[in-house]
Protein chains: 4
Amino acid sequence: MLLTLDLDSEVPIYQQIRDRIVEAIADGALAEGSALPSTRHLGADLGINFHTVNKAYDLLRNQGFIRINRKTGAVVRRDTTSGPAEDGYADEWQERLRTLLAEAVVLGLEPREVTGRCETVLGSFAVKSGTRP
Amino acid sequence: MLLTLDLDSEVPIYQQIRDRIVEAIADGALAEGSALPSTRHLGADLGINFHTVNKAYDLLRNQGFIRINRKTGAVVRRDTTSGPAEDGYADEWQERLRTLLAEAVVLGLEPREVTGRCETVLGSFAVKSGTRP
Amino acid sequence: MLLTLDLDSEVPIYQQIRDRIVEAIADGALAEGSALPSTRHLGADLGINFHTVNKAYDLLRNQGFIRINRKTGAVVRRDTTSGPAEDGYADEWQERLRTLLAEAVVLGLEPREVTGRCETVLGSFAVKSGTRP
Amino acid sequence: MLLTLDLDSEVPIYQQIRDRIVEAIADGALAEGSALPSTRHLGADLGINFHTVNKAYDLLRNQGFIRINRKTGAVVRRDTTSGPAEDGYADEWQERLRTLLAEAVVLGLEPREVTGRCETVLGSFAVKSGTRP
DNA sequence: GTGGTCTAGACCACG
DNA sequence: GTGGTCTAGACCACA
C-alpha cells in the first residue's frame, strides 16, 4: 500500500494524500519520473472518492511536485536531486517551521531534542550528500 | 501591535492568532503569568469579531498554553521553562515535522540549510540552555 | 427522541446534551461506532440552535467520547468496552465524586442508601462483567 | 486554613467554597451548630472579595446546610446526624450521580473500582453507624 | 449534505 | 469589565 490514511483525523484527506506523497518523494520511494497511480485506481485502493484524490494531485501539481498529463497520468516532477528552491520559498517555509518549533519548545521539548529529531528525520530521507554544482 | 494577521490567508484567523501567541511565548515576549488582552479588546484591535479571538483562546487553553479566568482574563500558563513534554507528544510532533521537512528537501533546500534554519529559529527563542535540575 | 432537555435548568444546554450522550453510551444505547445525529438535525429536533449542539459535540470530542468526521458526522469513539482510563483520571474523578457524596450524606441519605443507589446506577449500565483480557 | 481554592479552575469560586464546606460537614470537621467564619474574615483569609463568600453562604443557606443570623453569623444547620432527606431529594440526586458514574465507566473505570472508590469516600466521612429511629 | 469559519448582537454569570 | 452562553445567518471546505 502506497499510503495509509486516517479518516478520522481533522487533517483533510486530500491533504493527507499530498503529505504522504511528498514524504515518499523525500525518502526516495518515488523518484523523479515515477508514475503515480491513477486517481480512480488510488481512490479505489483507499476506499475514497476519486475526486478527493484528484484534489490532492491538483495540489501537488500547483506546488510543483508532479506533472499531470492526460496521456501519461501523474508523474513525479521533482525529487531531492532536482535543483535549488525558488526564490523566497525558503523564507516562507521558515515561517511555518518557526510555528512548529515554537509549539515544541513551549510544550517542553529541549532544543537539543528538537535538533536531534530534525536530524533523524533528515537522515531518513534520500538526500544528496554533497553540494550541487 | 501584539499580532499581525493575514485575513486573506487560507489559515483560519483563530489559528493564526494561536500560532502567533505560541511563537510569542517561545521567544520570550510572553512569559509564564503574562496576561493576554481581553477577547473583546483584541478583537477590536485586530478588526475581527471577539468570538474568533475566543475560539483562539479556547484552543490555546485546550492545548495547555494558557489558562482562562473570569476575573483576570487569559494568562500564559506554560513557557519554555515550564517542564518536560507529555509522554507521546514528541513522537506525534515529529510526524508533523517530517511532513514539513520532506516538503523542503523535495523543493530544493539542502539538508544543511534545513538544519541551519532550524537552529536559527531555535536560537531566536528564549530557551533554557542546559538540562533542567 | 434521543434527548430530553430542560431549557429552564441552570445547567447549560450544551452541557446537558453532553451529559445525556455520555449516559446513553454508558447504558449501551450508543455503542462504539454509532453515528450521532448531525448538529443541524439535532438542533432542529431539540428546537435549539445548531451552534449549541456543535459546542456539545466539540466538548465530547475533546473529552474523548466521540470523533468527528466531515463525511460521516459524529461517531461514538469509546464505550464501556474501550479499555482502561488514563493515568490520573480516576483520582481527579474521585474528587468530584467526593463532593457529590458529601452533599448526599449531609442532607440525610444513609451510607447504605448511597451505595445502594451507586450500584443501581451501575447496574443500569452496559458494563463489562469481568476483568479485561 | 479551612479551605483551599483553585483560582484557575473553571468551577466558580463561590461554588468551590460551597463544595469544600459541604465536604467539611460530611467528614465531621464542622458539626451541627459550629460557627463559620464571617464573610469578611474568610474573604480576607482567602484573598478574595467578601461578596463572593457571601454568595457561597447564600447558596449553602438555600440548600439547607447552614443558618444565617445577623447576630450569630453563619452556623452549620445540618450534619450527617440531622435526620432523613427531604422527599424527592434522593431521586434528583441520583440523576446527578448517574451522570458522574456514566462518565467514569465510559472512560474506562471498572465497576468494581467505581464502587470501591464510592466506599472509600463514604468511609472518610463521619457517618452514623446505624439506622436512625 | 456535512461540519467549519466568521460575523453579529443579546443577555447572563462572575468577581 | 471580564468571559460564557445562546441565537442567527452567511459562506466555505470537504467528500
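Predicted model, so just to flag it, every value in this text is computed and none were measured. Letters A, B, ... are given to chains in the order of the sequence lines, protein chains preceding strands, and every chain is numbered from 1. Any value given below was found using the heavy atoms of this structure, including those in side chains, with hydrogens, waters and symmetry copies removed.
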Margin query: Distance alone, cut at 3.5 Å: any donor-acceptor contact between the side chains of C/Glu103 and D/Tyr89?
Written below: yes
Check: A/Leu46 has an atom CG; how far is it from atom P of F/dA15, in whole Å?
Finding: 12 Å
Margin query: Heavy-atom nearest nucleotide on DNA chain E for D/Asn49 versus C/Ala74: which residue maps closer to 5'?
Written below: C/Ala74
Check: Rounded to the nearest Å, what distance is computed from the CG atom of residue C/Asp8 to the P atom of nucleotide F/dT5?
Finding: 18 Å
Check: Do C/Ser82 and C/Asp79 get their side chains close enough for a donor-acceptor pair, meaning under 3.5 Å?
Finding: yes
Notebook entry, point to check: Atom NZ of C/Lys71 and atom C1' of E/dG4: how far apart are they, to the nearest Å?
Noted result: 18 Å
Notebook entry, point to check: Pick the nucleotide of DNA chain F nearest each of C/Phe50 and C/Leu7; which residue has the one closer to the 5' end?
Noted result: C/Leu7
Next item on the list: Round to the nearest Å and state the distance from A/Ile48 atom CD1 to E/dT2 atom P.
Entry: 21 Å
Next item on the list: Could you say whether C/Gly73 or B/Gly47 is positioned toward the 5' end of DNA chain E, judged by the nucleotide with the nearest heavy atom to each?
Entry: C/Gly73
Check: Distance check: side-chain N/O of B/Arg61 vs OP1/OP2 of F/dG4, anything under 4.0 Å?
Finding: yes
Margin query: Does a side-chain N or O of B/Asn54 approach OP1 or OP2 of F/dG4 to a distance below 4.0 Å, or not?
Written below: yes
Next item on the list: Ignoring hydrogens and angles, answer whether the base of E/dG1 and the side-chain atoms of C/Arg40 contain a donor-acceptor pair closer than 3.5 Å.
Entry: no
Check: Of B/Thr39 and C/Arg70, whose nearest nucleotide on DNA chain F comes first from the 5' end?
Finding: B/Thr39
Item checked: Short side-chain N/O contact to F/dC6 OP1/OP2 from C/Tyr14, under 4.0 Å -> no
Next item on the list: Rounded off to whole Å, could you give me the CD1-to-C1' distance for the B/Ile68 and F/dT2 pair?
Entry: 11 Å
Next item on the list: Take atom CG of D/Asp58 and atom P of E/dG15, then tell me their distance rounded to the nearest Å.
Entry: 14 Å
Notebook entry, point to check: Within the structure, does a side-chain N or O atom of B/Tyr57 lie under 4.0 Å from either OP1 or OP2 of F/dG3?
Noted result: no
Checklist line | Below 4.0 Å: OP1/OP2 of F/dC6 and any side-chain N or O of C/Lys55 | finding: no
Check: So is B/Arg78 actually on top of B/Phe65's ring, under 6.0 Å and inside 45° of the axis?
Finding: no
Margin query: Check this for me: does any side-chain nitrogen of one of B/Glu95 and B/Arg98 sit under 4.0 Å from a carboxylate oxygen of the other?
Written below: no
Notebook entry, point to check: So which nucleotide from F/dT7, F/dA15, E/dG15 ends up closest to the side chain of D/Ile13?
Noted result: E/dG15
Notebook entry, point to check: Expressed in angstrom and rounded to an integer, what is the separation of A/Ile17 atom CD1 from F/dC14 atom P?
Noted result: 12 Å
Margin query: Please determine whether a side-chain nitrogen of the Lys or Arg among D/Arg61 and D/Asp58 lies less than 4.0 Å from a carboxylate oxygen of the Asp or Glu.
Written below: yes
Next item on the list: Find the distance B/Leu42:CG to E/dC6:P and express it as a whole number of Å.
Entry: 14 Å
Item checked: Base F/dC14 to side chain A/His51, donor-acceptor N/O within 3.5 Å cut-off -> no
Note to self: Regarding C/Thr81 and C/Glu32, do their side chains bring together a donor and an acceptor under 3.5 Å, going by distance alone?
What the structure shows: no
Next item on the list: Could you please name the option among E/dT7, F/dA8, E/dG15 that lies closest to any side-chain atom of B/Thr52?
Entry: E/dT7
Next item on the list: Identify the nucleotide, in any strand shown, that forms a Watson-Crick or G-U wobble pair with F/dC14, with both distances under 3.5 Å; if there is none, say none.
Entry: E/dG1
